[in-house]
Amino acid sequence: MVNPETPFWQKTVDSQIVAVTVYSHQALVTRRAVVSLAGGERELIINPLPVTLATDSIRVSGVGTAVVKLLGVSSDHLQTTEPVGEKVTQLTRQIQQIETQKRHLQAQIDALSLQSNFISGLREKTEEPFSQSLANKNLSLSETLDFLNFLGSQYCEYAIAAGECKAQMPELEKQLQTLRAALQKVQTPHTTENLNVIVGVEVQQPGEFELEITYMIPNASWHPLYDLRVNSASDGLHLSYLAEITQSTGEDWLGVELTLSTAKPGHSPLPPQLKPWYIDVPMARMEEIAQRSMPYPPAMALPMPMFRTPAKPAKPAIEEDNSSETVVSTNPQQGSVVTLKFNGEGKIPSDGTPHKITISQQDYPCRFEYVATPSLVSFAYLQVHVKNSVNGVTLLPGTANIFRDHIFVGTTQLENILPGEEFKLNLGIDEGLKIERDLVELQVDKKLINNQRRVTYAYRLIITNLLNKAVNLQLTEQLPVSRSEHIEVNLVESNPEVQQAKTGILSWFLTIPTKEQQEIYYQFTVEHPPELTVVGLDI
């Protein structure tokens, strides 16, 4: 629609947001508008737009039956005062209505008070005549009780009604204060600043023209979230892949085509360039070297500027201050850009609060495994191994809420998980496995063997499976590792057999049937010269 105050060669265009691409710290907004061009227009004005948008990112294009040549794009700031007349009238009307309600309530309270006072006065005036009539048997006892009941019920009814009316008064007063504060705020002039985008055009043939404008705007971001629900009965994992979007751009995104991207727009496409790497010594040291190399006595020393550091090498420090920032990837494993599209599902108001939308939901088979380190903690920890579907989506790095059988376990950070890649989740302690660990032997040989003192240690572990299914358990123990050639550690016996790692780690991979026990026994010796004190052998 053309504004009457707008010159004939200008036309104001009403545009709508149709698509938004959200990046990590900004968004690309696409607006479209259909305008009828008569042929004399030279400028199309698009307003109002947020002042925070990057004006150098504005791009304009268009198609239609009209033949239009786009000449250029410029922008202009516009300050407007929001009209307040209609809001003032509405708030004033609401205040008057509540004040009327307050007056009606006060009138009811006064009337009920008058009725209560009348009942009280009637009781005082009829007390003596009723007593005399009752004594002279001119009035029956039932008639007296009926009258007393009438007085009591009426007094009670008036008191209850008055209490209800009084209870409504504070709420009405609270509403009045809120409305009066809102009215005072509205009556204060409020100036808003917007941006006009001016598109220069040359209309070569009249007709309909669909104009599209895109621009980058800050104060928008998104990051992935996950809900991981593990079902122990079915050995399955339900993954809900979510996106949390936050924006305070000044524009509501309602019913738009929404795209989420991990791209980094705005970064320089040019690779960084190396600069000269200068090394030097302090100036005082250079002068000292120069003085020591003088062929004359100090009193006869001549100035020797050739030993001073030239001024030219200092220039790179200045250049470095003015150089462009070199962007270094903090997540090189992420790989290529990931783009997620949602057709017409974008409903993100500009309120600065997080809004969640679902990217996908999928069920995965998983493999359960228990791990335990009884020397540190006498509990087993449950882990679940999951493989991302080959045809699935890439799971971006993000926070995941973990639920096990509808019980919240905690949160974890997922790394970048590609289709077909396996990942692991820790589900915490499972008390269905009971582990007992005892030191069953600690013996110091009385006789020296090859002039060596030998100490023997032995441990027994009993694992009880209290669960209703067989479990796989990786149990880890450790032997001390010698850092001295005079101290020797040897694994003497283990049942079941186990291979000792160089770091002294012993790992058993066990399958324990339901309601059964598994025993582990191992023995090792420490040998050293008798005069040598061993440090760190704390059992």
Side-chain angles (χ1 to χ4, degrees), residues 232 367-385 404 409-410 412 424-539:
S232 302
R367 174 172 53 86
F368 290 90
E369 182 178 85
Y370 290 84
V371 295
T373 310
S375 61
L376 301 178
V377 181
S378 60
F379 296 103
Y381 288 77
L382 178 59
Q383 295 180 339
V384 59
H385 296 259
R404 180 185 175 194
V409 175
T412 188
K424 179 178 65 177
L425 300 175
N426 293 297
L427 303 183
I429 291 173
D430 192 331
E431 296 183 357
L433 284 183
K434 180 182 178 182
I435 302 177
E436 301 174 53
R437 180 179 186 267
D438 296 308
L439 176 64
V440 295
E441 183 179 359
L442 175 55
Q443 180 179 344
V444 180
D445 291 351
K446 296 180 179 179
K447 296 182 179 180
L448 299 180
I449 301 175
N450 296 327
N451 200 29
Q452 294 285 309
R453 176 77 68 195
R454 174 184 292 174
V455 185
T456 303
Y457 302 88
Y459 283 90
R460 177 178 287 110
L461 297 94
I462 299 176
I463 306 99
T464 305
N465 181 8
L466 304 176
L467 301 171
N468 294 323
K469 62 179 180 180
V471 298
N472 297 319
L473 171 66
Q474 178 185 354
L475 188 142
T476 304
E477 289 279 288
Q478 74 179 139
L479 304 184
V481 178
S482 174
R483 288 186 171 181
S484 170
E485 61 180 4
H486 303 294
I487 304 174
E488 184 176 349
V489 180
N490 294 300
L491 177 63
V492 178
E493 180 182 355
S494 66
N495 186 22
E497 292 187 1
V498 68
Q499 294 295 324
Q500 177 183 352
K502 292 183 178 180
T503 56
I505 300 298
L506 309 176
S507 293
W508 289 269
F509 296 89
L510 310 171
T511 298
I512 307 176
T514 179
K515 309 300 181 182
E516 292 192 11
Q517 290 184 340
Q518 173 78 51
E519 181 177 311
I520 292 178
Y521 174 86
Y522 69 95
Q523 183 187 74
F524 66 93
T525 60
V526 179
E527 298 181 6
H528 58 87
E531 68 278 4
L532 185 67
T533 300
V534 179
V535 178
L537 193 60
D538 300 325
I539 300 297

Can you confirm whether [X] sits close enough to [Y] that some side-chain heavy atom of one is under 4.5 Å from a side-chain heavy atom of the other?
| X | Y | result |
| --- | --- | --- |
| Arg404 | Ser232 | yes |
| Tyr370 | Leu467 | yes |
| Ser494 | Leu506 | no |
| Val489 | Thr525 | no |
| Val371 | Thr476 | no |
| Ile463 | Leu475 | yes |
| Leu473 | Ile512 | yes |
| Lys515 | Asn465 | no |

Thr456 side, atom OG1; Glu527 side, atom CD - distance, nearest 0.5 Å
8.5 Å

If you compare all heavy atoms of [X] against all heavy atoms of [Y], which two are closest, and at what distance to 0.1 Å?
| X | Y | value |
| --- | --- | --- |
| Ser482 | Ile487 | OG-O, 2.7 Å |
| Ala372 | Ile435 | CB-CD1, 3.5 Å |
| Val526 | Pro480 | CG2-CG, 4.4 Å |
| Pro496 | Trp508 | O-NE1, 2.8 Å |
| Gly504 | Val481 | N-CG2, 3.7 Å |
| Asn472 | Phe368 | ND2-O, 4.2 Å |

From CA spacing to verdict: side-chain hydrogen bond (donor to acceptor under 3.5 Å, both in side chains), Thr514, Asn468
CA-CA 6 Å; Thr514 179; Asn468 294 323; 4.9 Å; no

Parallel, tilted or perpendicular: which one describes the rings of Tyr459 and Phe524, with boundaries at 30° and 60°?
parallel

Quick check with a 6.0 Å cut-off and a 45 degree axis cone: is Lys434 positioned over the face of Phe379's six-membered ring?
no

Pair Leu479-Leu491, side chain to side chain contact (heavy atoms under 4.5 Å, CB included): steps then yes or no
CA-CA 8 Å; Leu479 304 184; Leu491 177 63; 3.9 Å; yes

Trace of the side chain to side chain contact (heavy atoms under 4.5 Å, CB included) decision for Gln443 with Val455:
CA-CA 6 Å; Gln443 180 179 344; Val455 185; over 6 Å; no

Would Lys424 and His385 count as a side chain to side chain contact (heavy atoms under 4.5 Å, CB included) here? Give the steps.
CA-CA 5 Å; Lys424 179 178 65 177; His385 296 259; 3.7 Å; yes

Flag the pair Arg460 and Glu519 as a salt bridge only when some basic side-chain nitrogen lies within less than 4.0 angstrom of an acidic carboxylate oxygen.
yes

Hey, mind stepping through Gln383 and Asn426 against side-chain hydrogen bond (donor to acceptor under 3.5 Å, both in side chains) and telling me if it holds?
CA-CA 5 Å; Gln383 295 180 339; Asn426 293 297; 2.9 Å; yes

For a quick check under 3.5 Å, do Tyr381 and Asp430 share a side-chain donor-acceptor pair by atom type?
no

Heavy atoms from other residues, nucleotides or ligands near CD of Glu531 exceed 12 (cutoff 6.0 Å):
yes

All pairs passing salt bridge (charged side-chain N to carboxylate O under 4.0 Å, His left out) where residues 470-482 contributes a residue, at least two apart
Arg437-Glu477

Going through the distances and angles, do Glu488 and Asn490 end up as a side-chain hydrogen bond (donor to acceptor under 3.5 Å, both in side chains)?
CA-CA 7 Å; Glu488 184 176 349; Asn490 294 300; 3.1 Å; yes

